[in-house]
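A quick write-up on the structure given underneath.
Only heavy atoms go into these numbers, but all of them, side chains included; no hydrogens, no water, no symmetry mates. Letters go in sequence order (proteins before strands), and every chain restarts at 1.
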Amino acid sequence: MMIRPHQKHSLWLAYKLHRLSGLVLVLFLPAHFYVLGLALTDASALDGFLKWTGNPLVKIAEIGLVFLLAVHIFGGLRLLALEFLPWSDQQKTWAAMAVAVSFFMAVAFLMNAI
Amino acid sequence: METRLYLLQRISAMVMAPLVLAHLGLMIYAIQGGLTAAEILSRTRGSFWWAAFYGLFVVVVSIHGSLGLRAILREELKVTGPALAVIAWGAGLGLLILGLRAVMAVVI
């Protein structure tokens, strides 16, 4: 597949990452809400589920979700700054920082999860 | 229409930004030592502030999530017309109902 010129721009990746993280998060939310809703109907099922989240594979998925949430919020803040604040040359720096801080968040989560 | 939805998407993002940052911080704090239902519920049950915090969060994320999904369907998959409206509204209302039910479950 030919890569069109605008797709070579590094901010194209920021745009794709924002869409993709948003899509995964919105698909995750119904499951998240459903599980919390168990507290209403079957509290022991909620505890059973929380025990299941101790599984290393689930932990990895959780770390991925935390990363996606962080990358979406910091990427989103970058976008809001870009659209609503005066333009600056710092845009790429902010995008890189959004990813860096997201990694930091995911690692902090990891440190407490294990 | 599109301009208004675009603005609504940005406004919902601005409202949600501090909520998401708080949620990230809370997750990192709360996960220490593992999670139990009793631990979560002891924090949230009967708390007006957690109810207000997560109630607002659910309302805004329902708007933001459904509009985001709508934008992806419209721009990436070229979905248009009534199908687009039905999916977006369905996603928004579905998130709202499930989300408010979840908030109720943990605060009442």
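Side chain of B:T44 to backbone of B:V106: a donor-acceptor contact under 3.5 angstrom is found. Of the possible polar contacts, one joining the A:D47 side chain to the B:A37 backbone as a donor-acceptor pair under 3.5 Å is found. B:R74 places no side-chain N or O within donor-acceptor distance of the main-chain N or O of B:V79, the cut-off being under 3.5 Å.
Residue B:I40 touches chain A through its side chain alone, counting heavy-atom pairs closer than 4.5 Å. Contact annotation for B:I31: both backbone and side-chain heavy atoms come within less than 4.5 Å of a heavy atom of chain A. No part of A:L25 comes within reach of chain B, as not one of its non-hydrogen atoms sits under 4.5 angstrom from that chain. With a 4.5 Å cut-off on non-hydrogen atoms, A:F49 does not touch chain B at all. No part of B:A91 comes within reach of chain A, as not one of its non-hydrogen atoms sits under 4.5 angstrom from that chain. In this structure, chain A has heavy atoms under 4.5 Å from both the backbone and the side chain of B:L95. For B:L41, the part lying under 4.5 angstrom from a heavy atom of chain A is the side chain only.
Aromatic ring pairs are classed by plane angle as parallel below 30°, tilted from 30° to 60° and perpendicular above 60°; the pair B:H23 and B:F57 is perpendicular.
Of all the listed residues (A:P30, A:G54, A:G76), the one sharing the greatest number of non-hydrogen pairs under 4.5 Å with chain B is A:P30. Among the candidates B:E76, B:H64, B:M104, the residue making the largest number of heavy-atom pairs closer than 4.5 Å to chain A is B:E76. Heavy-atom pairs under 4.5 Å with chain B were tallied for A:M105, A:H72, A:E83; the largest tally goes to A:E83.
Atoms OG and CD1, on B:S66 and B:I87 in that order, are 12.0 Å from each other to the nearest 0.5 Å. Rounding to the nearest 0.5 Å places CH2 of A:W52 at 9.0 Å from CG of A:L57. In this structure, CG in A:L79 is found 10.0 Å from CG in A:L11, a value given to the nearest 0.5 Å.
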